[in-house]
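Throughout, protein chains are lettered first and strands after them, A, B, ... in sequence-line order, and every chain is numbered starting at 1.
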Amino acid sequence: MSPRKAGRRKAPESFSVEKAHAAQLAMSKHVITEDHLPNEIRHVAGVDVTYTKDQSISVVVVLNHESLSINEYKVAYTKTKFPYVPTLLSFRELHPSFASIKKLEQHPDVFLVDGQGIMHQNRLGFASHLGLVLKAPTIGVAKRPLTGKVGEYNEANWAPITDKNDIIGAALLTERSKKPIYVSVGHMISLKRALDIVKHYTNDHRIPKPLRIAHRLVTKERRKLQKVE
DNA sequence: GCGACAG
DNA sequence: ATCTTGTCGC
């Protein structure tokens, strides 16, 4: 079976959705859902990707955890090699993201990623897949749910999301927004810690600051590119 | 079997 | 996600 048409690129002929799903399930066994990061966080990154006709543009921005100011950011342009297929987002966004991240001069303590972590049918959303590749802590932050059942909201304004008796993430209600954001463990972090970090960057907004900045920069880069095309 | 489905 | 103007709300 071939992936449904999406985006400009076609998946390679040799590609199979079934094999990709099996690979996700195998890789998910290596995901660590406990804290393997410093107690004192200094730098947090945000990663985002945007697309033109046939190019992917990725931005990674690193914020100072204390001051919330931008420490450094990098941009990478790569050729788009894979279409968007629901449940297979990482196959599209991993390479462009990796390209920008490897340009960083510092190693952030944790990466906020635009998409799901283990809140995924095969427990391997983009954030988890990226974490495994980087061997670094990652957190999935999605604007819409992908799978799981939303439970009751608690005092801290988040509701657990479960699937087959597993807590796979949380719907987090922020200050002035009716719509929750969907937070899940990417890699090398606990859900509790992931929520604390996301909340730290969510003051007054729905989307945490590292991702807002990354999205703003990536859009700016795309506009620049499209002007000369 | 059918539909829904992160970005 | 992207293509797009005005417009409603804080």
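Between A:R222 and C:dT2, a side-chain N or O to OP1/OP2 separation shorter than 4.0 Å is present. For B:dA6, one of the phosphate oxygens OP1 or OP2 lies less than 4.0 angstrom from a side-chain nitrogen or oxygen of A:R144.
Using modelled atom types and a 3.5 Å distance limit, the side chains of A:T50 and A:R222 yield a donor-acceptor pair. Of the N and O atoms on the side chains of A:E93 and A:Y84, not one donor lies less than 3.5 Å from an acceptor on the other residue. Side-chain contact, A:T80 with A:D54: no donor N or O sits under 3.5 Å from an acceptor N or O.
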Next on the checklist: In dot-bracket form, 5' to 3', how is DNA chain B paired? Count Watson-Crick and G-U wobble pairs only if both distances fall under 3.5 Å, and write | where the partner sits on another strand.
Outcome noted: .......
Item to check | Dot-bracket notation for DNA chain C, counting Watson-Crick and G-U pairs under 3.5 Å, with | for partners on another strand | outcome: ..........
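For the pair A:Q226 CD and C:dC3 P, the computed distance is 5 Å after rounding to whole Å. Here the P atom of nucleotide C:dC8 and the NZ atom of A:K178 are 22 Å apart, to the nearest Å. Between the NE2 atom of A:H120 and the P atom of B:dG7 there is a distance of 13 Å, rounded to whole Å.
Among the atoms of the strands shown, none is found under 4.0 Å from any heavy atom of A:T147.
Under a 3.5 Å cut-off, the side chain of A:E72 and the backbone N or O of A:L104 do not form any donor-acceptor pair.
Among A:V185, A:T33, A:L25, A:D163, the single residue meeting the side chain to side chain contact (heavy atoms under 4.5 Å, CB included) criterion with A:R123 is A:D163.
Proximity of the aromatic rings of A:H65 and A:H200 is defined here by a centroid distance below 6.0 angstrom, and this criterion is met.
An aromatic stacking contact between A:Y84 and the base of C:dA1 is absent, as defined here by ring centres under 5.5 Å apart and ring planes under 30° from parallel.
What you find for A:H120 and A:T87 is that their closest heavy atoms are NE2-O, 2.9 Å. Residues A:T78 and A:P96 share a closest heavy-atom pair of OG1-CB, 3.5 Å.
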